[in-house]
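What follows is one structure encoded as structure tokens, with my remarks underneath.
For this chain, numbers begin at 1 and follow the sequence in order.
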Amino acid sequence: MVDDVFELYKDHLTGDEEDVLVIIYGILDGFKSHELDKLYQDLKAEEKFEMIALYLYEKLRLKMFQEGIGHISNGDDQDNRLLH
């Protein structure tokens with residue numbers, strides 16, 4: 001499916017992540033629930049694993065961003081004054 005989608009949209013892709021999301025949401029919006037179930041059932045075991053792993057990765061990354069985890073602060077470096 002990825003190869004087919006790529007072939008359809010390759011001339012419209014700019015390398016921007018938002019472009020890819022718009023295309024994906026547009027495609028998935030046209031699917032009915034039972035069609036998504038069938039698509040999932042037809043995946044190989046490693047494809048299912050990869051899909052779930054990427055889903056969890058994105059959800060955890062989003063949660064960390066929302067909670068401010070991973071933000072590097074040098075607040076304890078000095079007294080936050082600009083020295084120039």
Side-chain angles (χ1 to χ4, degrees):
M1 182 176 183
V2 171
D3 292 334
D4 293 337
V5 170
F6 180 78
E7 283 300 317
L8 282 173
Y9 294 100
K10 70 180 175 184
D11 295 330
H12 303 285
L13 297 172
T14 63
D16 187 358
E17 187 174 302
E18 290 179 20
D19 288 348
V20 174
L21 287 174
V22 168
I23 291 169
I24 290 170
Y25 284 131
I27 291 169
L28 292 179
D29 189 48
F31 278 80
K32 294 183 176 15
S33 181
H34 71 276
E35 293 171 322
L36 290 173
D37 291 342
K38 171 88 170 94
L39 184 64
Y40 182 79
Q41 292 304 319
D42 290 345
L43 294 175
K44 297 175 185 172
E46 60 268 13
E47 292 172 321
K48 290 177 184 177
F49 179 86
E50 183 178 321
M51 185 176 76
I52 299 299
L54 287 173
Y55 171 79
L56 291 173
Y57 167 80
E58 284 298 322
K59 287 299 201 176
L60 184 56
R61 191 176 66 84
L62 179 61
K63 181 69 173 175
M64 289 170 55
F65 174 76
Q66 291 170 339
E67 298 294 325
I69 296 173
H71 176 71
I72 298 173
S73 174
N74 291 330
D76 62 345
D77 239 1
Q78 297 179 5
D79 58 5
N80 291 327
R81 290 183 297 151
L82 294 176
L83 301 176
H84 65 310

Supply the atom-to-atom distance [X] [atom1] to [Y] [atom2], rounded to the nearest 0.5 angstrom.
| X | Y | atom1 | atom2 | result |
| --- | --- | --- | --- | --- |
| Phe31 | Asp37 | CZ | CG | 11.5 Å |
| Leu8 | Ile27 | CG | CD1 | 7.5 Å |
| Tyr57 | Leu62 | OH | CG | 11.5 Å |

same_hphob_cluster([X], [Y]) at 4.5 Å side-chain heavy-atom cutoff:
| X | Y | answer |
| --- | --- | --- |
| Ile24 | Phe6 | yes |
| Met1 | Val20 | yes |
| Val5 | Val22 | no |

Taken in chain and number order and not counting sequence neighbours, the residues that satisfy salt bridge (Lys or Arg N to Asp or Glu O under 4.0 Å) with Lys59 are none
Minimal heavy-atom distance between Glu35 and Lys32, with the atoms involved, is OE1-N, 2.7 Å
For Leu13 and Asp19 the tightest heavy-atom approach is C-OD2, 4.5 Å
I'd like to know whether CD of Glu58 has more than 12 heavy-atom contacts from other residues, nucleotides or ligands below 6.0 angstrom. yes
Check: Is the CD atom of Gln66 crowded by more than 12 outside heavy atoms at less than 6.0 Å?
Finding: yes
Side-chain donor-acceptor pairs under 3.5 Å in residues 40-52, sequence neighbours left out?
unit_1 : atom_1 : unit_2 : atom_2 : d
Asp42  : OD1    : Lys38  : NZ     : 3.0
Asp42  : OD2    : Lys38  : NZ     : 2.8
Glu47  : OE1    : Lys44  : N      : 2.8

